[in-house]
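Note that the structure is predicted; figures quoted are calculated from it, not measured. The analysis underlying the following values was restricted to heavy atoms, covering all of them including side chains, and did not include hydrogens, waters or symmetry mates. Just follow the structure's listing: the first ligand is 1, and inside any ligand the first atom is 1. Note that the numbering runs from 1 along the sequence shown for the chain.
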Amino acid sequence: MNCLSPSILAADFKTLGEQLRLIDEAGAQYVHIDVMDGMFVPSISFGIPVIRTIRDCTKRIFDVHLMVEEPYRYIGDFAEGGADHITVHAEACTHLDRTIDAIKARGLSAGVALNPATPLSELDWILEKTDLVLIMTVNPGFGGQGLIPYTVEKIRALRQRIDAAGYHTDIEVDGGITHENAADILKAGANIIVSGSSVFHGDITENVRRFLDILNARP
Ligand code: DX5
Ligand code: ZN
């Protein structure tokens, strides 16, 4: 299924609860939560207390993207805080296999994210047990950047690989996705679109509706 995962990094934090209600009512299936530690990426965003607080605002799927060094240390905390999906960066895990197992042991979906320059071969031995692959279409750390064009070819190659193996792994894309380029990204093989700026800047309800129209136009 094709889904929209609005990134609250671009939300107005003064009215975060209200903005969550708007994306939920407009039909966005997920809430994308970008956790940044100031080490793996330059920025610091927010952490477990914020997630725990907003858990009451919506029943939508909490899609937690950990841009954190050695996220294994925090899997239990994020699970208890209300995460449904936890995605970790392959580049940030000394023991990626163990980290995936820890997420799945909590009954959550396990995602593996790859930075733009990280090859798909990082997935060689763990793709089978991974529920979701997050292809970063920008270098992580900031919202509002432009999509790096070569990442579209990477999505295409991953889709071919997943289909050839007969897996049902989701392909999520994150960074610089707009109403203008979303159709091409879906055509390349992604099925979960993350968007911050193009959802939260302007009319949120209308922005979600436009993305859902694009997502629903493809099976
Ligand atoms: C980047 C984050 C993204 C970002 C997306 O480090 O992982 O989720 O907030 O924002 P836009 O859609 O503005 O590129
Ligand atoms: Zn993200």
**Q** Measure the CD-CG distance between Gln19 and Leu22 for me, rounded to the nearest 0.5 Å.
**A**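 One gets 7.0 Å once the value is rounded to the nearest 0.5 Å.
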
**Q** Taking the inter-plane angle between the rings of His89 and His65 on a 0 to 90° scale, is it parallel (under 30°), tilted (30 to 60°) or perpendicular (over 60°)?
**A** parallel

**Q** Looking at ligand 1, does any of its N/O atoms fall within less than 3.5 Å of an N/O of Leu9?
**A**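 No, no N or O pair falls under 3.5 Å.
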
**Q** Relative to the heavy atoms of Met67, which atoms of ligand 1 are at a distance of less than 4.0 Å?
**A**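 Numbered from 1, ligand 1 contributes 6 (O), 7 (O).
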
**Q** Can you name the atoms of ligand 1, numbered from 1 with element, that are less than 4.0 Å from a heavy atom of Gly143?
**A** 10 (O), 13 (O)

**Q** For atom 14 (O) of ligand 1, which protein heavy atom lies nearest, and how many Å away is it?
**A** Gly176 N, 2.8 Å

**Q** Go through ligand 1 atom by atom and flag the ones less than 4.0 Å from a non-hydrogen atom of Pro140.
**A**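 Listed by number with element: 6 (O).
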
**Q** Considering only NZ, NE, NH1 and NH2 on the basic side and carboxylate oxygens on the acidic side, decide whether Arg161 and Asp124 come within less than 4.0 Å.
**A**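 Salt bridge flag = yes for Asp124 with Arg161.
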
**Q** Does Met36, backbone or side chain, put an N or O under 3.5 Å from an N or O of ligand 1?
**A** no

**Q** For Gly144 and ligand 1, does the shortest N/O to N/O distance drop below 3.5 Å?
**A**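 So ligand 1 has an N or O lying under 3.5 Å from an N or O of Gly144.
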
**Q** Is it true that Glu25 and Thr205 share a donor-acceptor pair across their side chains at a distance under 3.5 Å?
**A** no

**Q** Any salt bridge between Asp84 and Arg55, counting N to O under 4.0 Å?
**A**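 Counted as a salt bridge, because a side-chain N and a carboxylate O are separated by less than 4.0 Å.
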
**Q** To the nearest 0.5 Å, what is the distance between CG on Asn139 and CD on Gln145?
**A**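 Reported to 0.5 Å precision, the distance equals 6.5 Å.
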
**Q** Could you please tell me which protein N, O or S atoms lie under 2.8 Å from the Zn ion (ligand 2)?
**A**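 Correct list: His32 NE2, Asp34 OD1, His65 ND1, Asp174 OD2.
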
**Q** Please could you name the atoms of ligand 1 that His32 approaches to less than 4.0 Å, counting only its heavy atoms?
**A**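 Heavy-atom distances to His32 below 4.0 Å select 8 (O).
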
**Q** Drop me the distance from Ile204's CD1 to Leu20's CG, to the nearest 0.5 angstrom.
**A** 9.0 Å

**Q** Rounded at 0.5 Å granularity, tell me how far CG in Leu4 sits from CG in Asn207.
**A** 10.0 Å

**Q** Hey, could you give me the OG/CG distance between Ser195 and Asp174, rounded to the nearest 0.5 Å?
**A** 9.0 Å

**Q** May I ask you to decide whether Glu70 forms a salt bridge with Arg73, counting only side-chain N to carboxylate O separations under 4.0 Å?
**A** no

**Q** For Val35, which of Leu66, Ile48, Ile86 qualifies under side-chain contact (heavy atoms from CB on, under 4.5 Å)?
**A**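 Looking at Leu66, Ile48, Ile86, the match for Val35 under the side-chain contact (heavy atoms from CB on, under 4.5 Å) is Leu66.
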
**Q** Got Pro71 and Cys93 here, is their nearest side-chain heavy-atom distance under 4.5 Å?
**A**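 Heavy-atom side-chain distance check passes, below 4.5 Å.
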
**Q** Any heavy atom of Ala10 sitting closer than 4.0 Å to ligand 1?
**A** no

**Q** Can you pull out the closest protein heavy atom to atom 6 (O) of ligand 1? Residue, atom name and distance to 0.1 Å, please.
**A**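 Checking every protein heavy atom, the shortest distance to atom 6 (O) of ligand 1 gives Gly141 N, 2.7 Å.
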
**Q** List every atom of ligand 1 that sits less than 4.0 Å from any heavy atom of Ser195, numbering the atoms from 1 in the order shown and giving each element.
**A**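 What qualifies from ligand 1 is 12 (O).
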
**Q** To the closest 0.5 Å, what do you measure between CD1 (Ile193) and CD1 (Ile185)?
**A**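 Taking CD1 in Ile193 and CD1 in Ile185, the distance rounds to 7.0 Å.
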
**Q** If you count the atoms of ligand 1 from 1 in the order shown, which ones are under 4.0 Å from a heavy atom of Ser7?
**A** 8 (O), 9 (O)

**Q** Does His85 form a ring-ring contact (aromatic ring centres under 6.0 Å, His included) with Phe62? I'd like the steps, not just the answer.
**A** CA-CA 6 Å; His85 293 179; Phe62 272 17; over 10 Å; no

**Q** Under 4.0 Å, heavy atoms only, figure out whether ligand 1 is touched by the backbone of Ser197, its side chain, both or neither.
**A** both

**Q** Consider only side-chain N and O atoms of Asn2 and Asn191, and report whether a donor and an acceptor are under 3.5 Å apart.
**A**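 No donor-acceptor contact under 3.5 Å links the two side chains.
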
**Q** Is there a polar contact between ligand 1 and Val194, counting only N or O atoms under 3.5 Å apart?
**A** no

**Q** Could you tell me, atom by atom, which parts of ligand 1 come under 4.0 Å of a heavy atom of Gly175?
**A** 14 (O)

**Q** Looking only at distances, please establish whether an N/O atom of ligand 1 is found under 3.5 Å from an N/O atom of Asp174.
**A** yes

**Q** Determine, using heavy atoms of Ser198 and all atoms of ligand 1, whether some pair is separated by less than 4.0 Å.
**A**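 Contact absent.
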
**Q** Side chains of Ser5 and Asp63: any donor to acceptor distance under 3.5 Å?
**A** yes

**Q** Run the numbers for me: atoms of ligand 1, each under 4.0 Å from some heavy atom of His65, listed by number.
**A**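 Going through ligand 1 atom by atom, the ones under 4.0 Å from His65 are 7 (O).
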
**Q** Tell me which protein heavy atom sits closest to atom 1 (C) of ligand 1, plus the residue, atom name and distance to 0.1 Å.
**A** Phe142 O, 3.6 Å

**Q** For atom 12 (O) of ligand 1, grab the closest protein heavy atom and report residue, atom and distance to one decimal in Å.
**A** Gly196 N, 2.8 Å

